[in-house]
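Lettering of chains follows the sequences in order, A, B, ..., and the numbering in each one begins at 1.
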There are 2 protein chains.
Amino acid sequence: MSVDAPTFSPLYRQIKDLMIQALEAGEWRPGQLIPSEQELAARFSVSQGTVRKAIDELAAENLLVRKQGKGTYVASHHDPRALFRFLRLVPMDGDLAHPESVPLECWRAKAGLEAARMLGIRQGDLIIIVRRILRFSGDPVVVDEIYLPGEIFQGLTLEMLQDWRGSLYSLFETRFGLRMIRAQERLRAVAADRGTAEILKVKEGKPLLSVERVTYTYGDKPVEWRRGLYLTDDHFYLNELN
Amino acid sequence: MSVDAPTFSPLYRQIKDLMIQALEAGEWRPGQLIPSEQELAARFSVSQGTVRKAIDELAAENLLVRKQGKGTYVASHHDPRALFRFLRLVPMDGDLAHPESVPLECWRAKAGLEAARMLGIRQGDLIIIVRRILRFSGDPVVVDEIYLPGEIFQGLTLEMLQDWRGSLYSLFETRFGLRMIRAQERLRAVAADRGTAEILKVKEGKPLLSVERVTYTYGDKPVEWRRGLYLTDDHFYLNELN
DNA sequence: AAGTGGTCTAGACCACTGC
DNA sequence: CAGTGGTCTAGACCACTTC
């Protein structure tokens, strides 16, 4: 009853893997221009069309960004368009104001059973926990609790978070060389506990949208686990089903 | 300050549009095999590679399904894999039992302001409303209220819904020739009202996940508006962010 | 004008399916 | 074996950006 391993890997996929290695190794950094298709074709000794197909897939996975006439760039969370790739919360009245992140706390702890499982580390390993709120045009709408593996995020402090202008992930990218590739979210409806209710200025028991997210970097390695509680009176979570 | 219309449309995209027309006109029906790439290349007087790129995009949009060695098929909601394309609710304990749909009511009404706006019809136009529940291994988990334009769904009855084995969309496909292409969902957390609470066997005020969905057919035409209330004690809404 | 990605073609060969 | 989609190549030309 053994299942055969895939016995055939097309050339363009091998090239793609080589390019992922180059990205992972930091040879090409976020925001930078990578070599032209012609150069890559020469480097890997394949035709331009083959490199092209590899880049096509990497662009579809949001690892690279093509710009006609200019070249191909490594995707970066500094790009303002990247912000809403993971944040699906939208104001009900087309108000496009960017949310403002307000870090509240940042402390060290030992990983419990659940955090360890979600982050792929051992129970008892050092983790860093961040609490922050997200405000839309001044009003607190989201309370986030973010669990990070201590090994990767050594040196992260509340000050660092508070001083940073930009998204969390753009900070992670520049300070820790971490690229967030994809994420998985599990949504449920829950009742607001006392503390959360106070922060969001609602009554205890208020229905909130609970969003648990595990975020992965290269090689499907989990590097962030967070739980957000969203107040959905004036906002909703928008999801496109294709 | 005028914005230029896209002044250039590549050949493969024109071919793609022609193929969408063939799908829309019913020349190729769900589940059927379409002509081979060679035949299509001859029919449209382009190279196979150009047809290929058109099909690539249609396959990426889930309108077509390629099967190596066999040919290219028109996607169908009869395909069991299609079921979970739109239903993102997953049991917390990897229980893969398929949900069971239980239609409760089906009646005619005139479209109110909101239904008319969502369905792109005029206020007062005939609509059909369906109420049903979804059960996972016997337990009611979802209450759906579904609004359909009367013009398209003439003749839909509760009996028809109850007799049907399979998903709603597969019924719509065979009985009304309607292909659901994509959908948009807006999620919020709400408190259970009296009636819903009774059906789901929970207390009034229980936090529920409200899922509003607008579903589109060819040409981005909305043809269904539904609101579901999901009980998320033993299930969650799973979303992949890529 | 030079360099980039984007399109289009034609042909060869590979992998998979069904007869 | 023939027919299908899948891969790979080489070359020509187009559209966009920059100098």
Side-chain angles (χ1 to χ4, degrees), chain A residues 3-20 22-23 28-29 31-76 79 81, chain B residues 3-20 22-23 28-29 31-76 79 81:
Chain A
V3 176
D4 285 349
T7 182
F8 168 72
S9 179
L11 235 193
Y12 73 84
R13 210 168 282 272
Q14 300 173 39
I15 303 302
K16 180 185 170 189
D17 289 340
L18 289 173
M19 292 180 69
I20 291 178
L23 288 165
W28 307 324
R29 309 186 94 72
Q32 280 186 352
L33 188 63
I34 73 169
S36 74
E37 295 180 353
Q38 290 289 4
E39 287 176 280
L40 291 171
R43 164 165 164 181
F44 297 127
S45 305
V46 298
S47 78
Q48 187 193 357
T50 300
V51 168
R52 205 171 164 65
K53 191 146 187 182
I55 295 181
D56 278 346
E57 290 202 351
L58 292 169
E61 293 167 18
N62 296 301
L63 295 192
L64 297 177
V65 178
R66 320 185 79 134
K67 296 189 182 176
Q68 183 173 155
K70 302 176 80 171
T72 302
Y73 295 79
V74 181
S76 166
D79 187 329
R81 287 167 304 173
Chain B
V3 176
D4 286 349
T7 181
F8 169 70
S9 178
L11 234 194
Y12 75 83
R13 209 167 281 270
Q14 300 173 39
I15 304 300
K16 180 185 171 190
D17 288 340
L18 290 173
M19 294 181 69
I20 290 178
L23 288 166
W28 305 325
R29 308 186 95 72
Q32 280 187 352
L33 188 64
I34 72 169
S36 74
E37 296 180 351
Q38 291 288 2
E39 287 175 279
L40 290 172
R43 165 166 165 182
F44 297 127
S45 304
V46 298
S47 77
Q48 188 193 357
T50 301
V51 169
R52 207 173 162 63
K53 191 145 187 186
I55 295 180
D56 278 345
E57 290 202 352
L58 291 169
E61 292 168 18
N62 296 302
L63 295 192
L64 298 177
V65 178
R66 322 185 77 134
K67 296 189 183 175
Q68 183 173 153
K70 302 176 79 171
T72 301
Y73 294 79
V74 181
S76 166
D79 187 329
R81 288 168 302 174

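Contact detail for R43(A) and A22(A): the closest heavy-atom pair is NH2-CB, 4.5 Å. The two atoms that bring R13(A) and S9(A) nearest to each other are CB-OG, 4.0 Å, heavy atoms only. Contact between A59(B) and R66(B) at its shortest, heavy atoms only, is CB-CG, 4.1 Å. Counting all heavy atoms, side chain and backbone alike, W28(A) lies closest to P35(A) at NE1-CD, 3.5 Å. In this structure, G31(A) and S76(A) approach most closely via the heavy-atom pair N-CB, 3.8 Å.
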L58(B) and K16(B): CA distance, side-chain angles, deciding distance, side-chain contact (heavy atoms from CB on, under 4.5 Å) verdict: CA-CA 7 Å; L58(B) 291 169; K16(B) 180 185 171 190; 3.8 Å; yes
What's the verdict on side-chain contact (heavy atoms from CB on, under 4.5 Å) for L40(B) and I15(B), showing C-alpha distance, side-chain angles and the deciding distance? CA-CA 9 Å; L40(B) 290 172; I15(B) 304 300; over 6 Å; no
With side-chain contact (heavy atoms from CB on, under 4.5 Å) as the criterion, how do V65(A) and D79(A) come out once you've worked through the C-alpha distance, each side chain's angles and the decisive distance to 0.1 Å? CA-CA 11 Å; V65(A) 178; D79(A) 187 329; 5.7 Å; no
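Residues M19(B) and E57(B) are not in side-chain contact: their nearest non-hydrogen atoms beyond the backbone lie 4.5 Å or more apart. Between L63(B) and V74(B) there is no side-chain heavy-atom pair separated by less than 4.5 Å.
Near DNA chain C, defined here as any heavy-atom distance below 4.0 Å, the residues from residues 66-75 of chain A are R66(A), K67(A), Q68(A), G69(A), K70(A), G71(A), T72(A), listed numerically. For DNA chain C, the neighbouring residues in residues 37-53 of chain B, judged by any heavy atom under 4.0 Å, are V46(B), S47(B), T50(B), K53(B).
You can see that DNA chain C meets the heavy atoms of chain B within a 4.0 Å-exclusive cut from dT7(C) to dG18(C), reading 5' to 3'.
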